[in-house]
Amino acid sequence: MASDRRRDSRSWDWDSPQSRAQLDEVFFRRHDYIQAGSTEHREFWAFFDRFQRFKTRKEMSGLGAKEDRSKSGSGKVDLGLPKEYDARYRINVSVCTLDVEERLGKSEYRGSQRSSGPGSQEISDCRLALLHFLDFSQRQSFGKLAKLRREQKNLPIFQYRDRIVELVRQSPVLVVAGDTGCGKSTQVPQYLIAAGFNHIACTQPRRIACISLAKRVSFESLNQYGSKVGYQIRFETTKTPSTKLLFLTEGLLLRQIQQDRSLSQYQVLIVDEVHERHLHCDFLLGVLRSLLAETPELRLILMSATINIKLFSDYFSGAPVLQVPGRLFPIQVLYQPIPPDEQPSRSEKLDPRPYLRILQGIDQRYPPEERGDLLIFLSGVQEISTVQEACQVLATHTRRWIVLPLHSTLSLAQQDKVFDISPPGVRKCIISTNIAETSVTIDGVRFVVDSGKVKEMSFDPKAKMQRLQEFWISRASSEQRKGRAGRTGPGVCYRLYAESDYDAFAPYPVPEIHRVALDSLILQMKSMSLGDPLSFVFIDPPPAASIQTAVTYLKEQGALDSRSDLTSIGTLLAQLPVDVVIGKMLVLGSLFNLVDPVLTVAAALSVQSPFLRSAQHNPDCTTARQPLHSNHGDPFTLLNTFNAWVEVKGERGGGSRKWCRRRGLEEQRLYEMVNLRRQFKELLRSHGLLEIQSSAPSGGDRVQRRQRLTERKKLHQMKRDHEQQESGRRKVLRLEEGQEEFSSGSDAEGAGRGKKDDQAGQNVDIQEVKFKLRHNVSELQEAASVSQDMSSRQQALLKLLLCRGLYPQLALPDEHNSTRKDSEQVFHTRNKQGVVIHPTSVFATDPEVLQVPEGDGDMGPERRDSSRHQLLAFVTLLETNKPYLSNCVRVPALQALLLVANTVDSNADCTRLVVDGWLELELREAGEALKVLSTALTLRGEWERLLLAQLAQSTMGPEQGVSRKVLEKLSEGLVRFLLYTE
DNA sequence: CTTGGCCAC
């Protein structure tokens with residue numbers, strides 16, 4: 001017998017992939033404790049190899065030879081490993097073992113077939129190794145657990161554990177105030193679970209925080225709750241029916257309240273980071289305050305930094321406050337105000353010398369082997385590149401710094417570099433906007449430089465314009481920036497202002513609700529029946545004028561009626577998670593047969609631009625982008641880009657990542673667009689605005705369906721694998737890192753760098769996997785090719801829809817533009833004179849398409865005819881250095897205005913028209929003018945009637961529907977009118 | 001000639 005087995009063992013090759021695959025089928029199946037393909041599975045085989053080598057050495061030294069390996073095969077080899085196993089693992093392993101025996105019996109392994117598969121010896125060897133492996137990993141995790149528990153007990157908040165639970169039981173509202181590092185966000189939810197609370201929701205202002213907190217809490221509880229800790233953000237959730245604790249974004253909770261006013265699915269609500277005073281958060285607090293009055297069993301916990309606590313407590317009728325000390329390392333503060341001669345005078349570039357001196361000072365004072373990176377806070381992108389340029393000169397010279405910019409308009413690959421580590425003796429110098437104040441946390445920062453400046457958005461209701469202006473920061477921000485130096489060790493904070501400046505700073509930043517247009521907010525409030533917005537009790541009410549402006553705007557837009565009640569279109573717009581103008585486009589698009597392109601445009605205008613700015617200086621990128629450009633306007637360029645990308649996505653072999661890189665596109669934005677697009681489509685459908693698609697399992701015979709199923713299974717496996725993978729080790733930066741980005745633009749960036757997965761040798765593009773799981777590529781392609789092959793008539797109609805959606809956001813070219821340079825073309829909006837086109841717009845490089853055609857030349861200047869003029873419909877008007885228009889579409893002035901404007905006045909013979917009391921139109925001949933005007937009126941009437949019918953259909957059912965024939969007649973009429981030139 | 005940062009069934 002024994003010799004028999006030896007012979008078989010010799011013919012059995014442990015190292016061959018086939019052998020391993022056979023053993024995988026025995027030990028690591030779908031429902032086994034460890035599954036083939038998982039991280040643990042890989043670790044096991046690595047362990048197995050070590051284990052075999054170890055045994056061989058033992059055998060050679062004479063110990064193993066004596067060993068009787070005939071029977072049970074478990075634990076007979078004394079490797080000095082423990083012989084006891086935790087009950088949890090024992091159960092799993094014995095189940096697996098029994099199972100193996102059973103299958104061995106069934107397939108009669110001892111029979112003649114065994115030469116091809118593993119024999120009982122191999123099975124038992126493998127099982128022995130598995131037992132040791134499990135024991136080994138169990139010991140490891142016990143060690144980790146003990147450490148984890150120690151760390152939890154060391155957190156400042158731990159002292160307050162019982163007190164917190166007690167207060168939550170006693171009081172409907174509790175304020176927990178604690179600074180960075182006290183552990184409130186991770187621990188408080190766990191205390192509540194341990195105390196028996198259930199259905200806990202914890203809101204976060206940012207999505208990343210939701211994901212990382214859910215992971216962290218789940219890890220700290222050793223997945224003890226399994227799926228009971230989860231997160232939910234837009235487009236992504238790990239929520240299951242058994243979820244006890246859910247991390248979600250503030251915006252999402254607001255949407256949930258909109259669905260279910262009573263919020264009955266939750267027992268406890270934790271609103272974290274309330275001190276940040278985001279629009280959503282302030283509003284959420286207001287809604288919850290009124291909700292608490294109706295549902296006394298609901299518990300609310302506000303968590304905040306230790307600033308302005310009284311405000312929150314008072315707002316909830318003196319709710320108890322629990323203050324927890326933070327845990328940061330000591331930070332030395334040095335005030336180094338900028339000397340007058342280095343103070344940039346107005347409209348002058350920032351002087352980088354004060355920043356350079358600090359780098360040099362660090363070089364002098366701190367030996368390079370004492371690690372610690374530098375984080376510089378500046379107000380904006382321009383300032384960052386100025387300082388970056390200067391620092392890079394120093395870095396190249398001393399070879400002791402790697403200079404990295406950080407702001408949201410960089411490519412994600414560029415942004416990720418700040419997490420990489422610098423080689424020994426070299427420090428990172430990260431030059432950042434306030435993105436590093438809250439959104440991005442970088443470990444290992446020891447030095448902070450605070451310029452004391454920030455750029456903030458405000459809204460000018462008179463000009464109906466957004467303004468991005470530089471301000472001094474608040475003391476709270478100043479402290480937050482300082483704190484970034486003390487996360488991993490003692491630090492230094494250089495403040496480039498005087499202590500007296502600091503004392504003069506505002507205590508807190510201005511809450512967002514005081515700075516922005518409140519259109520969407522008011523619309524939400526109306527749809528939630530919260531009564532008169534002017535009498536709503538906000539924690540810090542916005543100016544009444546600001547609310548009034550929003551109400552007026554919503555009335556102009558037709559979302560509210562004269563009594564300030566929601567109209568049918570307003571009800572719909574409140575359900576759409578987009579700005580009012582984008583929402584209007586969607587509704588209008590669904591009426592006509594232009595849903596697909598409109599969905600894409602709406603999605604594209606709701607995400608950051610996919611065009612990377614760093615690529616603008618790279619001639620290869622600009623050339624590659626050229627075919628995507630449309631001279632009809634930026635939304636059309638975005639539409640082309642999306643369609644072309646979808647095309648690439650559908651091709652075999654894909655390669656969309658490379659395709660994007662070549663064009664300087666951030667692919668992530670396109671993934672976001674495709675998700676948004678689908679969400680919009682589903683929303684429109686659920687509101688009865690789209691024809692019910694006969695969603696028969698789209699095409700394909702049985703073989704194709706099988707293929708798709710197999711493909712999906714594979715994709716799911718890839719996704720699971722990716723989720724199980726430990727996040728890859730950090731990369732080491734090269735000294736040249738900063739320079740090359742600076743000089744050569746974008747092609748170097750991201751190239752060959754890839755995602756984290758490259759390190760695991762997997763090269764899985766997880767976004768692509770998710771994309772394929774979520775979307776039907778061929779369906780998308782169909783939609784893309786429809787909008788790519790748009791006829792000029794359809795294009796004209798699409799333009800009109802965008803224009804009506806964007807109305808009254810229109811700009812008129814200045815009459816002297818033909819005498820100006822490309823970059824100096826001037827426009828006027830109704831409320832703001834002298835605006836210019838943003839350089840990223842297609843019209844900035846190609847403004848001649850906006851000029852009135854020179855025509856037949858022989859007509860004098862008195863023969864002006866508005867039918868040839870063009871206007872710009874625009875998405876945003878933002879003032880930075882100058883007021884800029886972005887995302888513009890050109891539209892024929894006369895036709896568009898007559899179809900979308902609110903009011904038209906005319907002289908007696910209708911040759912002169914004044915639109916909205918602003919724009920004057922001229923028509924040459926009275927007869928013609930009358931005809932044009934009456935056609936326009938007829939079309940408008942019909943359009944309005946059909947729109948209302950469509951909206952009625954969405955509430956009253958399809959019998960109210962709009963007939964296809966009537967619709968076609970209208971779009972025919974609109975197109976003819978648009979393309980009208982005498 | 002160039003835009004702080006979040007977020008939404």
Side-chain angles (χ1 to χ4, degrees), chain A residues 203-210 232-237 248-260 273 276-281 283-284 377-385 406-410 432-440 451 453-458 466-471 473 477 509 512 515-516 520-521 523-524 574-579 582-583 606-609 611-614 616-617 672 675-676 678-687 821-825 836-841 843-845 847 876-887:
Chain A
T203 69
Q204 295 293 321
R206 286 164 290 277
R207 302 184 211 186
I208 315 221
C210 293
Q232 185 178 11
I233 56 178
R234 194 181 196 178
F235 304 127
E236 222 176 293
T237 183
L248 77 174
T249 49
E250 291 160 354
L252 199 47
L253 186 67
L254 274 172
R255 286 282 163 192
Q256 290 182 354
I257 297 177
Q258 208 176 1
Q259 300 301 107
D260 168 21
E273 315 280 14
E276 290 190 19
R277 307 298 306 276
H278 297 287
L279 180 65
H280 277 154
C281 187
F283 180 40
L284 183 61
F377 284 102
L378 295 175
S379 62
V381 175
Q382 187 77 67
E383 291 77 9
I384 288 172
S385 48
L406 177 64
H407 49 84
S408 71
T409 56
L410 283 175
S432 172
T433 58
N434 52 351
I435 191 172
E437 212 175 289
T438 48
S439 315
V440 175
S451 65
K453 298 290 176 62
V454 69
K455 274 184 185 148
E456 261 185 0
M457 196 74 85
S458 54
Q466 296 187 90
R467 198 172 274 140
L468 193 60
Q469 267 177 301
E470 194 180 76
F471 296 98
I473 57 173
S477 286
E512 195 180 358
R515 303 190 328 246
V516 298
S520 293
L521 179 79
L523 193 61
Q524 294 282 301
Q575 303 295 318
L576 299 174
V578 286
D579 290 343
I582 311 285
S606 307
V607 302
Q608 262 190 54
S609 168
F611 295 104
L612 288 168
R613 277 212 289 156
S614 56
Q616 217 111 20
H617 307 289
E672 289 165 8
N675 287 335
L676 275 175
R678 195 177 77 171
Q679 186 187 28
F680 295 162
K681 194 171 190 174
E682 280 162 7
L683 281 167
L684 292 180
R685 185 173 294 144
S686 74
H687 287 91
K821 286 198 300 186
D822 277 11
S823 55
E824 286 165 10
Q825 303 280 302
V836 296
I837 295 177
H838 195 272
T840 52
S841 170
F843 297 122
T845 46
T876 46
L877 169 54
L878 171 69
E879 186 180 82
T880 55
N881 297 321
K882 298 178 215 162
Y884 286 110
L885 298 174
S886 32
N887 282 323

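Lettering follows sequence order; numbering is per chain, from 1.
Interatomic distance, CD of A:Q256 versus CG of A:L248, reported as 5.5 Å (0.5 Å rounding). To the nearest 0.5 Å, atom CD of residue A:Q679 and atom CG of residue A:L684 are 10.5 Å apart.
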(request) Please step through side-chain contact (heavy atoms from CB on, under 4.5 Å) for the pair A:E437 and A:S477, ending with a clear verdict. (result) CA-CA 8 Å; A:E437 212 175 289; A:S477 286; 3.2 Å; yes
(request) Step by step, work out the side-chain contact (heavy atoms from CB on, under 4.5 Å) result for A:S606 and A:I582. (result) CA-CA 8 Å; A:S606 307; A:I582 311 285; 4.1 Å; yes
(request) Please test A:F377 against A:V454 for side-chain contact (heavy atoms from CB on, under 4.5 Å), starting from the C-alpha separation and ending with a verdict. (result) CA-CA 9 Å; A:F377 284 102; A:V454 69; over 6 Å; no
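Within the nucleic acid shown, A:Q259 comes within 4.0 Å of at least one base atom, counting heavy atoms only. Among the protein residues, A:V836 comes within range of no part of the nucleic acid, since none of its heavy atoms lies under 4.0 Å from any strand. Contacts of A:H278 with the nucleic acid, taken as non-hydrogen atoms under 4.0 Å apart, are absent. Backbone-only engagement by A:I435 is indicated by non-hydrogen atom pairs under 4.0 Å involving sugar-phosphate atoms exclusively. Using a 4.0 Å heavy-atom cutoff across all strands shown, A:V454 reaches no nucleic acid atom at all. In this structure, A:S439 reaches the sugar-phosphate backbone alone: every heavy-atom distance under 4.0 Å involves primed, P, OP1 or OP2 atoms, never a base. Base engagement by A:R515 is indicated by at least one non-hydrogen atom pair under 4.0 Å involving a base atom. Here A:Q524 lies out of heavy-atom contact (under 4.0 Å) with every strand.
A nucleotide of DNA chain B counts as in contact with chain A when one of its atoms lies under 4.0 Å from a heavy atom; the first and last such, 5' to 3', are B:dC1 to B:dC9.
In this structure a side-chain-to-backbone donor-acceptor pair under 3.5 Å is present from A:Q258 to A:A574.
When the ring pair (Phe, Tyr, Trp, His ring centres under 6.0 Å) test is applied to A:H838, the partners found at least two apart in sequence or on another chain are A:Y884.
Within residues 203-210 of chain A, the residues approaching DNA chain B are A:P205, A:R206, A:R207, by heavy-atom distance under 4.0 Å.
Residue order along DNA chain B, read from the 5' end via each residue's closest nucleotide, puts A:V381 first among A:T249 and A:V381. For the pair A:G380 and A:L683, both in contact range of DNA chain B, the more 5′-proximal nearest nucleotide belongs to A:G380.
The closest side-chain donor-acceptor pair between A:T876 and A:Q466, if any, does not fall under 3.5 angstrom. Donor-acceptor pairing under 3.5 Å is lacking for the side chains of A:R613 and A:Q616.
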